[in-house]
Amino acid sequence: MARRILSRFVLAPATAVAALIGFAAAPAQAAIWSSSDQWGNYTTSDGYTLYNNIWGSGAGSQTIWVNSSSNWGVWADHPNTGGIKSYPNAKKVVGKSITSMASLRSSYNVTVPSSGAYNTSYDIWDSDYDYEVMLWVNYNGAVGALGTSQGTVTLGGHTWNVYKGDNGANQVFSFLRTSDSTSGTVDVLPILKWIKDTKGWWGNETIGDVQFGYEITSSSGGLDFRTNSFSVSSS
């Protein structure tokens with residue numbers, strides 16, 4: 001379950017800096033922007049916003065670096081304690097209702113560590129932030145979804161274990177891929193329609209943010225999370 005309510009109030013993109021802020025593992029090329037700030041954020045020329053987004057209690061240090069909207073990463077050193085520490089992510093705003101869309105798809109390719117506790121996930125919100133849809137494409141360590149099991153379903157090109165819960169601020173629908181994946185394409189729209197039409201858990205919501213990133217619980221000693229490619233498209 002991702003709790004990133006504060007981050008959505010950071011409206012103004014940060015100004016790109018000429019000099020890199022130092023971090024332990026440098027990207028393959030000189031990053032166009034980096035930040036170790038808790039709410040550091042940067043908007044790319046193609047309309048994606050990157051957030052460092054260290055929102056949980058007991059967090060350590062974390063630096064996000066960006067080469068482009070499709071090539072970015074995070075170095076994080078969070079203690080081996082319970083509770084989510086951060087959700088560094090890239091966000092694309094869709095701004096379309098479920099029934100008005102003909103398609104909503106996303107592709108990803110990531111390199112993630114073999115240690116630590118985290119999930120690599122999409123976090124999809126309606127425009128009013130009443131509902132949250134999480135799609136976990138891989139996960140490691142002591143992490144788990146909020147709510148109760150709703151069974152298994154094959155949708156959008158993947159098979160998921162589904163959970164339904166409430167965090168006190170919004171309802172959360174979590175889809176955990178039954179096997180880990182570091183690359184692929186997700187046909188998101190059939191998942192949203194399944195929630196609406198098959199389960200009746202929401203109505204014809206307008207989809208706002210489509211976020212993709214790393215929900216990190218622990219990464220003691222410093223771990224690298226790299227997004228090698230990422231894109232969101234809708235019509």
Side-chain angles (χ1 to χ4, degrees), residues 1-16 32-33 35 39-53 55 64 66 68-72 87-110 120-137 155-158 160 162 164 166-167 169-175 184-215 227 229-235:
M1 186 244 338
R3 294 291 301 277
R4 286 165 298 284
I5 305 305
L6 287 176
S7 67
R8 70 175 186 256
F9 294 111
V10 182
L11 300 180
T15 302
I32 61 172
W33 176 80
S35 178
W39 306 118
N41 65 100
Y42 173 79
T43 299
T44 64
S45 59
D46 53 351
Y48 290 81
T49 300
L50 287 296
Y51 288 105
N52 203 28
N53 197 19
W55 66 266
I64 187 171
V66 177
S68 67
S69 60
S70 63
N71 181 230
W72 60 276
Y87 180 65
N89 69 87
K91 178 184 81 173
K92 183 76 168 181
V93 177
V94 174
K96 299 175 183 177
S97 69
I98 295 170
T99 58
S100 71
M101 283 188 284
S103 68
L104 177 58
R105 297 171 63 85
S106 181
S107 296
Y108 62 92
N109 183 296
V110 300
T120 304
S121 57
Y122 288 90
D123 203 16
I124 302 166
W125 295 85
D126 71 302
S127 58
D128 295 325
Y129 297 95
D130 294 323
Y131 301 98
E132 179 182 12
V133 180
M134 297 201 73
L135 311 177
W136 296 22
V137 297
L155 290 167
H158 305 262
W160 316 89
V162 183
K164 182 176 182 288
D166 190 315
N167 62 23
N170 50 269
Q171 293 192 44
V172 183
F173 313 129
S174 299
F175 293 73
T185 298
V186 182
D187 192 358
V188 178
L189 188 57
I191 298 172
L192 305 183
K193 287 184 173 180
W194 182 82
I195 296 170
K196 173 183 174 290
D197 298 328
T198 302
K199 304 303 290 185
W201 291 342
W202 63 4
N204 184 29
E205 301 298 325
T206 296
I207 301 304
D209 300 355
V210 176
Q211 304 171 5
F212 177 81
Y214 309 96
E215 193 172 57
T227 303
S229 63
F230 167 64
S231 63
V232 176
S233 62
S234 64
S235 63

>> Please confirm whether the ring centroid of W194 lies under 6.0 Å from the ring centroid of W160.
In response: no
Treating [X] as the side-chain partner and [Y] as the backbone partner, does any N or O pair qualify as donor plus acceptor under 3.5 Å?
X	Y	value
N71	T227	yes
D128	D130	no
H158	T185	yes
W202	L192	yes

Tell me which donor-acceptor pairs under 3.5 Å the side chains of residues 93-103 have, and how far apart each pair is, sequence neighbours excluded?
{"residue": "K96", "atom": "NZ", "partner": "S234", "partner atom": "OG", "Å": "3.3"}
{"residue": "S97", "atom": "OG", "partner": "S100", "partner atom": "N", "Å": "3.3"}
{"residue": "S97", "atom": "OG", "partner": "S100", "partner atom": "OG", "Å": "3.0"}
{"residue": "T99", "atom": "OG1", "partner": "N204", "partner atom": "OD1", "Å": "3.2"}
{"residue": "T99", "atom": "OG1", "partner": "N204", "partner atom": "ND2", "Å": "2.8"}
{"residue": "S100", "atom": "OG", "partner": "S97", "partner atom": "N", "Å": "3.2"}
{"residue": "S100", "atom": "OG", "partner": "S97", "partner atom": "O", "Å": "2.9"}
{"residue": "S103", "atom": "OG", "partner": "S235", "partner atom": "OG", "Å": "2.8"}

What distance do [X] atom [atom1] and [Y] atom [atom2] have between them, rounded to the nearest 0.5 Å?
X	Y	atom1	atom2	result
W39	N53	CH2	CG	5.5 Å
E205	K196	CD	NZ	10.0 Å
E215	Y87	CD	OH	7.5 Å

> So, for W33 and G40, which heavy atoms are closest and what is the spacing to 0.1 Å?
Replying inline: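 So the minimum-distance heavy-atom pair works out to CH2-C, 3.8 Å.
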> Of the non-hydrogen atoms in N52 and S35, which two are nearest, and what is the gap between them?
Replying inline: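 Scanning both residues completely, I find the closest heavy atoms to be ND2-O, 3.7 Å.
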>> Can you classify the ring geometry of Y131 versus F173 as parallel (below 30°), tilted (30 to 60°) or perpendicular (above 60°)?
In response: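 Parallel.
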> Is there any salt bridge (charged side-chain N to carboxylate O under 4.0 Å, His left out) pair reaching into residues 185-194, and which pairs are they, with sequence neighbours excluded?
Replying inline: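 As it turns out, the salt bridge (charged side-chain N to carboxylate O under 4.0 Å, His left out) pairs with a partner in residues 185-194, which skip direct neighbours, are R105-D187.
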> Who passes ring-ring contact (aromatic ring centres under 6.0 Å, His included) against Y108, sequence neighbours left out?
Replying inline: F212
> Among side-chain atoms of N89 and Y214, is any donor-acceptor pair under 3.5 angstrom?
Replying inline: no
